[in-house]
Amino acid sequence: NAGVMQNPRHLVRRRGQEARLRCSPMKGHSHVYWYRQLPEEGLKFMVYLQKENIIDESGMPKERFSAEFPKEGPSILRIQQVVRGDSAAYFCASSPDSPSTDTQYFGPGTRLTVL
Amino acid sequence: DQQVKQNSPSLSVQEGRISILNCDYTNSMFDYFLWYKKYPAEGPTFLISISSIKDKNEDGRFTVFLNKSAKHLSLHIVPSQPGDSAVYFCAASAGTDSGGYQKVTFGTGTKLQVIP
């Protein structure tokens, strides 16, 4: 059973470009979560999605950031017009269909560097 | 507002000894607590959890203790091994009994180094 997959593992963008981060949850998982880890900080919740629905986006910056989890394909975290402060590790996690568990399985992360 | 706090950014322990990692929380609605372990360049992996109806949960070398009145939990690793060297995140969520979703809030992590 493959784990949570994220790609790319490393992404370099110049200021003003767009960054697209992909996450494929574990097989059978329909709940996806995105977190951001800034240097020397902990994991900060960004958004929780189920298939085709955003359930909780309270951790997402109001501008430039968006997320989707289409019926087919991976979840996408999109950052428009990136700035240096967006440089961080972005982790995706997934959990089983049952909403009663809070054990989340994490991917290896995408390390975004904005030049 | 840091609702889950890990006040020790780092900890060094000799191999074979006990490692004790601490975590404090402020939200009295939290009722489910988890510890995750993270190696460099990898995602966090789930280690052990505890529900608020318990005060202790044990899994092999790992034991988590919960003191609800003090809003404090700790992770004990006995005996510590060099392979335990990693960053450990404490996490908490609220409202799991209802079967509904509640956001998981993470602490800032404690970097454990086990010295051979």
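In what follows, chains are A, B, ... by sequence order, proteins preceding strands, each numbered from 1.
- The side-chain heavy atoms of Val104(B) and Tyr35(A), taken from C-beta on, include a pair separated by under 4.5 Å.
- Hydrophobic clustering (side-chain heavy atoms under 4.5 Å, transitive across Ile, Leu, Val, Met, Phe, Trp, Tyr) groups Ile55(A) together with Tyr32(B).
- Each of Val4(A) and Met46(A) belongs to its own hydrophobic cluster when Ile, Leu, Val, Met, Phe, Trp and Tyr are linked at side-chain heavy-atom distances under 4.5 angstrom.
- Within residues 107-116 of chain B, the residues having any heavy atom less than 4.5 Å from a heavy atom of chain A are, in residue-number order, Gly107(B), Thr108(B).
- Heavy-atom contacts from other residues, nucleotides or ligands closer than 6.0 Å to CD of Gln81(A) number 12 or fewer.
- Within 6.0 Å of CE in Met5(A) there are 12 or fewer heavy atoms belonging to other residues, nucleotides or ligands.
- Residue Arg61(B) qualifies as enclosed at atom CZ: its count of foreign heavy atoms under 6.0 Å is above 12.
- Each side-chain hydrogen bond (donor to acceptor under 3.5 Å, both in side chains) pair with one or both residues in residues 58-69 of chain A, not counting sequence neighbours, appears once here: Asp56(A)-Ser58(A), Ser58(A)-Lys103(B), Arg64(A)-Asp86(A).
- Within the 4.5 Å cutoff, the side chain of Phe106(B) has no heavy atoms near those of the Gln37(A) side chain.
- In the displayed structure, Lys51(A) atom NZ is contacted under 6.0 Å by more than 12 heavy atoms of other residues, nucleotides or ligands.
- Closest approach of Phe91(A) and Lys38(B) over heavy atoms only: CZ-CE, 3.4 Å.
- Thr105(B) OG1 to Lys44(A) NZ: the interatomic distance, rounded to the nearest 0.5 Å, is 9.0 Å.
- Note: the hydrophobic cluster containing Ile79(A) does not contain Tyr48(A) (ILVMFWY, side chain heavy atoms under 4.5 Å, direct or indirect links).
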